[in-house]
Amino acid sequence: MSLFRGPLALWDISFSSPEKHLSQKLQGNKYFPFQVQQPNVFVMEYYKDMLWKGALLFITSLVASVFYFRAQTGSQNFSGFFIYGIMIGLWLIASNMNKRRLIINHNKRLYQFYIKGCLWQQGPLYQIYVRLVAQRDAYGKLFYSLIINGYRLEVLSLANLSSRFESIDVLGRRIARNLNLNYFDYEDVSTRHVIRHRPPETKKEEKEEKEEEEEEELNEDQNV
């Protein structure tokens, strides 16, 4: 059983493989990391992981500075280093302590992003997506991560740095299907993209192309 739930669900630390850990999350909640508020409406509340990282930096710098000033020896002065760590830690805590709320509303065909209860961004569903991200190490080996991202949204990491492409890809497609979102492969141009929502201009162009094709076929039949 996970110790991190609700707004802290994405903080969860596991020593198992990323794909196995995410799979276990999906077994408990097929809409992870969201909850179903009502049919076709998914809601997620969370705190950024920079909050605990800032708290850790602040506490570590504070404790280290206490020991340093009590047992200060030598000519080198490291006080500025510890003060800098404390200030950065406080800044990370202050800038990330507000709860975030992300809503995917298929009934209204839009998403909404709130910070501290204030609407920060609202947009159509084609601007939010699940994506596979690839990173190459120094030896050229690819590692894959899974994220939720969108226009003026914060990147939400669902799985980090796995070498098992197929497993992460399957999980990403499942999440996108359950949430009814677009899914993008790690390559910008790919036949593996799954597009469920398109901009209105694209839909109009496709409709016009289809009408032109039907008209051409009709003309050919008449000529025959």
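Being a predicted model, the structure only gives us computed values, none of them experimental.
Tyr126 and Leu153 fall into different hydrophobic clusters, defined by Ile, Leu, Val, Met, Phe, Trp and Tyr side-chain heavy atoms under 4.5 Å apart, directly or through other members. Note: the hydrophobic cluster containing Tyr183 also contains Tyr151 (ILVMFWY, side chain heavy atoms under 4.5 Å, direct or indirect links). Val194 and Leu158 fall within the same hydrophobic cluster, where Ile, Leu, Val, Met, Phe, Trp and Tyr residues are linked whenever their side-chain heavy atoms come under 4.5 Å apart, directly or through other members. Follow the hydrophobic side-chain contacts under 4.5 Å out from Tyr31 and you reach Ile104 in the same cluster. Val130 is not connected to Val155 by any chain of hydrophobic side-chain contacts under 4.5 Å among Ile, Leu, Val, Met, Phe, Trp and Tyr, and they are in different clusters.
Interatomic distance, Ile59 CD1 to Ile93 CD1, rounded to the nearest 0.5 Å: 7.0 Å. Leu57 contributes atom CG, which lies 11.0 Å from atom CG of Leu62 (distance to the nearest 0.5 angstrom). Taking CZ from Arg164 and CD1 from Ile168, the interatomic distance works out to 9.0 Å, rounded to the nearest 0.5 Å. One finds the CZ atom of Arg100 at 4.5 Å from the CD1 atom of Ile115 (value rounded to the nearest 0.5 Å). In this structure, OH on Tyr186 lies 11.0 Å from CZ on Arg131, to the nearest 0.5 angstrom. With rounding to the nearest 0.5 angstrom, the CD1 atom of Ile128 is 4.5 Å from the CG atom of Leu102.
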Report the C-alpha distance between Ser23 and Gln27 in whole Å, list the side-chain angles of each, state the deciding distance to 0.1 Å, and finish with yes or no for side chain to side chain contact (heavy atoms under 4.5 Å, CB included).
CA-CA 6 Å; Ser23 179; Gln27 289 176 3; 3.9 Å; yes
Take Leu26 and Leu171 through the test side chain to side chain contact (heavy atoms under 4.5 Å, CB included) and record every step on the way to the result.
CA-CA 9 Å; Leu26 290 171; Leu171 291 172; 3.8 Å; yes
Please assess Glu154 against Phe113 for the test side chain to side chain contact (heavy atoms under 4.5 Å, CB included), listing each intermediate value before the final yes or no.
CA-CA 9 Å; Glu154 298 168 336; Phe113 179 50; 3.7 Å; yes
Using the rule given for side chain to side chain contact (heavy atoms under 4.5 Å, CB included), can you reason through Leu22 versus Leu146, listing the C-alpha separation, both sets of side-chain angles and the distance that settles it, and then say yes or no?
CA-CA 10 Å; Leu22 180 56; Leu146 201 61; 3.8 Å; yes
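The backbone N or O of Phe165 lies less than 3.5 Å from no partner atom in the side chain of Asp169, so there is not a single donor-acceptor pair. Between the side chain of His193 and the backbone N or O of Asp185 there is at least one donor-acceptor pair closer than 3.5 Å. Between the side chain of Asn105 and the backbone N or O of Val41 there is no donor-acceptor pair closer than 3.5 Å. A side-chain donor-acceptor contact under 3.5 Å links His106 to the backbone of Leu179. With Ser65 contributing its side chain and Ser61 its backbone, the two residues share a donor-acceptor pair below 3.5 Å. Checking side-chain atoms of Asn40 against main-chain N and O of Lys108 turns up no donor-acceptor pair under 3.5 Å.
Looking only at side-chain heavy atoms (C-beta outward), Leu142 and Tyr144 come within less than 4.5 Å of each other. Counting heavy atoms from C-beta on, the side chains of Arg196 and Leu181 never come closer than 4.5 Å. Between Pro124 and Arg109 there is no side-chain heavy-atom pair separated by less than 4.5 Å. Contact check for Phe82 versus Met87: no side-chain heavy atoms found under the 4.5 Å cut-off.
Contact record, Phe42 with Asn178: CZ-O, 3.8 Å, taken as the closest heavy-atom pair. Looking at every heavy atom in both residues, Leu92 comes nearest to Ser95 through O-OG, 3.4 Å. Between Pro33 and Met44 the shortest heavy-atom distance is O-CG, 3.5 Å. Pairing each heavy atom of Asn182 with each of Ala176, the nearest pair is O-CB, 4.2 Å. Across every non-hydrogen atom of His197 and Asn180, the tightest pair is NE2-O, 2.7 Å. Residue Asn160 comes nearest to Pro18 through the heavy atom pair O-CG, 2.9 Å, listed as atom of the first residue, atom of the second, then distance.
Defined by atom type and a distance below 3.5 Å, a donor-acceptor pair is missing between the side-chain atoms of Tyr114 and Glu45.
Remark: Ser163 engages Lys141, Phe143 in a side chain to side chain contact (heavy atoms under 4.5 Å, CB included) (not counting sequence neighbours). Checked against side chain to side chain donor-acceptor pair (under 3.5 Å), Tyr111 has no partners two or more places apart in sequence or in another chain.
Through side-chain heavy atoms spaced under 4.5 Å, either directly or across other Ile, Leu, Val, Met, Phe, Trp or Tyr residues, Tyr129 is tied to Phe184, Ile195.
Within 6.0 Å of atom CD in Gln38, more than 12 heavy atoms from other residues, nucleotides or ligands are found, so the atom counts as buried in its surroundings.
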